[in-house]
**Q** 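Have a look at this one.
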Amino acid sequence: MTCAPSDGDGGPAGGKLPTGRPRLLLVGNFGNVPGRVIRDRDPRRDQTGAVGGIGEDGPVLCALAPSGAGWVARALDDAGTPTGPVTVLPDRAALQEFAASTAPGVRWLWDATTSVYPPLLAAGIRVDRVHDVTLTERILLGRESRHAEPSAAAAVYARRHGLPVPDDPVAEVAPAVEPGLFMAEPSAPSRPEADWDPLDVLAEAFRSQAERSAGENALRLLIAAESASALAAAEMGAAGLPLRASVHDRQLTDLLGARPPAGVRPPKLAQLAAGITEAFGYPVNPDSAVDLRSAFQRAGFDISTTRSWVIKDLDHPAVPEVLEYKELSRLFTANGWNWLDEWVRGDRFHAEYLPGGVVTGRWAARGGGGLQIPKLARRAVLAEPGHVFVAADAAQLEPRVLAAISGDPALLAVSADEDLYTALADDGFGGDRAHAKVAMLGAMYGATTGESGRLLPVLRRRYPVAMATVEQAAHRGEQGGVVRSVLGRTSPPPSASWRATVLAGSLPDAGRGEQARAREVARAWGRFTRNFVVQGSAADWAAVWLSGVRREIAAVPGAELVFFQHDELLVHVPAGSADVVAELVVGAADEAKRLVFPGSPVSTPVRPVVVECYADAK
DNA sequence: TCAAATGGCGCC
DNA sequence: AAAGGGCGCCATTTGA
């Protein structure tokens with residue numbers, strides 16, 4: 001990588017992607033001003049130094065906080081020191097005017113994107129960049145093996161001033177008198193933070209976070225990507241995923257019969273339930289696992305669960321109807337008419353996305369199962385007139401990530417192939433792709449038994465470095481240690497009860513039961529940490545990818561991110577822009593590879609497809 | 001009677 | 001092919 005100043009933008013190779021504006025979103029969340037370009041061999045730092053587009057006279061940071069009925073804002077320099085007066089923004093118009101007047105590329109600073117950004121979006125204000133104190137604090141505290149508080153900025157401020165930390169359970173004092181004893185309302189908890197200057201709180205939290213991440217480029221990249229992801233998440237939640245309600249309704253009616261009144265099974269389910277009762281000869285409620293299990297047990301089958309893959313092998317007349325009932329009942333309850341009513345408005349599905357909501361760094365979603373849209377419902381995810389989806393996923397991301405973080409030469413060689421599993425199969429599994437895939441998944445998830453457990457020795461022989469990486473991660477977990485993703489997200493330490501159980505098993509007088517229990521919980525935590533390094537690093541890559549895509553498509557009129565699920569995304573785009581957006585998506589993936597795995601020969605290919613229906617994307 | 005736990009299953 | 005990682009959601013069951 002060269003260090004020429006003009007080469008520092010970290011953009012896709014060859015500069016063939018039209019940008020028309022400086023790339024400035026992704027990194028440099030902390031203190032960078034134009035002209036102060038820092039260079040070394042770490043391309044993440046090149047990228048950090050390459051932040052441009054900040055107006056010479058504009059603020060580096062603009063802190064924004066709700067205040068009373070309106071907002072307050074204040075410019076800060078790159079050290080987090082206020083450089084201007086507090087601006088009071090009493091109403092929406094003032095906020096809009098203020099936002100429009102800020103320099104292009106200003107980095108906003110606020111407490112939590114999930115609470116601050118939606119009202120801005122509702123007022124028609126979009127921002128390019130932000131430093132999200134709460135998400136950053138979660139990452140930093142995790143690294144320091146501490147827990148995050150609900151309002152991070154206030155907590156950081158309190159600690160620095162030796163004040164009680166708001167909402168900190170440890171600091172809460174038990175009430176002297178039991179509530180209700182005097183028939184009085186329990187007094188509202190005092191909230192000293194209500195009197196603090198919200199902009200001071202933000203500035204100080206920023207300074208603390210800047211200090212604590214000083215010099216750690218990977219961590220700063222993660223913080224930048226996490227903050228940018230939060231913007232994308234809020235925008236996606238507001239925009240919604242195009243979903244044609246009438247199409248989904250028709251599918252439901254075809255499969256379940258007419259929509260029933262509340263509390264009643266749809267016709268098809270009622271019919272199947274009646275058939276099941278008939279097959280057993282007495283009433284059996286297929287919605288009740290207890291009922292169903294005892295029914296099969298009475299019929300002579302020794303089963304401990306009624307999971308479909310267990311049921312399907314039983315030789316009993318009720319089996320086909322039970323299986324069909326389970327499938328359709330799932331559709332009815334999880335993605336039926338109620339779901340449509342509750343989560344789809346104006347032919348758009350609105351979930352709330354929570355970046356960093358999963359300990360590994362993956363997103364979580366609240367509402368409507370936003371990250372578990374079943375294949376069938378994807379048939380109703382249709383682009384609007386004149387539009388298409390650019391759908392892209394990172395093929396076999398996790399094994400590629402394992403190759404990158406471990407540096408295993410053989411696995412890296414395999415990752416050069418478009419279909420990693422086929423290459424893997426040819427490399428050691430006699431061409432058997434299914435076996436190769438099962439083995440690799442088992443290695444990353446910690447399988448011990450069955451087919452995938454049996455195949456582990458093959459992997460260990462072929463890819464000793466990669467296997468040692470995951471096995472070491474598992475070992476650390478079993479010992480109660482923590483592990484990190486490639487950019488530095490840290491796994492939580494095990495709970496006190498975990499430690500107690502493991503300790504109990506190690507004592508000289510431990511019984512067999514205690515020993516076995518200790519072994520099992522230790523192994524389970526080892527499986528978690530084993531997977532954490534892979535899943536977490538994949539999430540790091542994906543966050544950087546998403547951030548890049550968001551930054552790039554901002555220049556494409558009408559293009560909007562409408563879905564992101566761990567390693568895949570959907571951009572809803574005017575048909576004429578599909579090709580250019582597809583190219584941007586690929587470019588962002590290349591950029592993510594370079595930033596997250598600098599110098600690694602690993603390949604993390606994405607293959608965008610242009611579709612009108614999400615179900616056709618795969 | 002209500003909240004928490006469980007069983008099951010969709011997604012990655 | 002088999003039951004290993006991460007989630008959210010629903011209906012039912014359990015337990016205080």
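In what follows, every heavy atom counts, from backbone to side chain, and hydrogens, waters and symmetry copies are set aside. In what follows, chains carry the letters A, B, and so on, assigned in the order in which the sequence lines appear, proteins first and then strands, with residues in each chain numbered from 1.
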**Q** Could you tell me whether A:His572 and A:Phe563 have their ring centroids closer than 6.0 angstrom?
**A** no
**Q** Mind checking if A:Gly367 touches a base, just sugar-phosphate, or nothing, with heavy atoms under 4.0 Å?
**A** sugar-phosphate
**Q** Round to the nearest Å and state the distance from A:Glu471 atom CD to C:dG4 atom P.
**A** 17 Å
**Q** Rounded to the Å, how far apart are A:Lys312 NZ and C:dA3 C1'?
**A** 11 Å
**Q** Test side chain to side chain donor-acceptor pair (under 3.5 Å) on A:Asn285 and A:Ser288; report intermediate values, then the result.
**A** CA-CA 6 Å; A:Asn285 176 11; A:Ser288 162; 5.2 Å; no
**Q** Starting at OH of A:Tyr353 and ending at C1' of C:dG8, how long is that distance when rounded to a whole Å?
**A** 13 Å
**Q** Answer with base, sugar-phosphate or nothing: what part of the nucleic acid does A:Gly370 contact at a heavy-atom distance below 4.0 Å?
**A** nothing
**Q** Hey, does A:Val290 reach any base, or is it just sugar-phosphate, or nothing, if we go heavy atoms under 4.0 Å?
**A** sugar-phosphate
**Q** Taking any heavy-atom pair under 4.0 Å as a contact, classify A:Arg530: base, sugar-phosphate, or nothing.
**A** nothing
**Q** Which one, C:dA11, C:dG6, C:dG5, comes nearest to the side chain of A:Arg527?
**A** C:dG5
**Q** Would A:Thr490 and A:Arg484 satisfy side chain to side chain donor-acceptor pair (under 3.5 Å), going step by step from the backbone distance to the final call?
**A** CA-CA 4 Å; A:Thr490 306; A:Arg484 284 190 184 156; 3.3 Å; yes
**Q** Do you know which of A:Lys312, A:Lys268, A:Arg330 makes salt bridge (Lys or Arg N to Asp or Glu O under 4.0 Å) with A:Glu324?
**A** A:Lys268
**Q** Rounded to whole angstrom units, what separation is found between the CG atom of A:Leu455 and the C1' atom of C:dA2?
**A** 12 Å
**Q** If you assign A:Val310 and A:Gly369 each to the DNA chain C nucleotide with the nearest heavy atom, which residue ends up on the more 5' nucleotide?
**A** A:Val310
**Q** Any side-chain heavy atom of A:Thr113 within less than 4.5 Å of one from A:Ser227?
**A** no
**Q** Using a heavy-atom cut-off of 4.0 Å across all strands, would you classify A:Asn285 as base, sugar-phosphate, or nothing?
**A** sugar-phosphate
**Q** Roughly, in whole Å, what's the span from CG in A:Asp313 to P in C:dA1?
**A** 13 Å
**Q** Report which part of the nucleic acid A:Ala434 touches: base, sugar-phosphate, or nothing (heavy-atom distance under 4.0 Å, all strands).
**A** nothing
**Q** Strictly under 4.0 angstrom, non-hydrogen atoms only: write out the protein contact profile of nucleotides 4-12 of chain B, one letter per nucleotide from the 5' end, B, S or -.
**A** ---SBBBBB
**Q** Would you tell me if any nitrogen or oxygen in the side chain of A:Ser329 comes within less than 4.0 Å of OP1 or OP2 on C:dA11?
**A** no
**Q** Might you work through the side chain to side chain donor-acceptor pair (under 3.5 Å) test for A:Gln479 and A:His475, ending with a clear yes or no?
**A** CA-CA 6 Å; A:Gln479 311 282 27; A:His475 184 68; 3.0 Å; yes
**Q** Return no unless some side-chain N or O of A:Asn531 is found under 4.0 Å from OP1 or OP2 of C:dG4.
**A** no
**Q** Indicate the ring-plane relationship of A:Phe532 and A:Phe528, choosing parallel, tilted or perpendicular according to the 30° and 60° boundaries.
**A** perpendicular
**Q** Rounded to whole angstrom units, what separation is found between the CG atom of A:Leu331 and the P atom of C:dC10?
**A** 13 Å
**Q** Heavy atoms from C-beta onward define the side chain here; which of C:dG6, C:dA1, C:dT13 lies closest to that of A:Val359?
**A** C:dG6
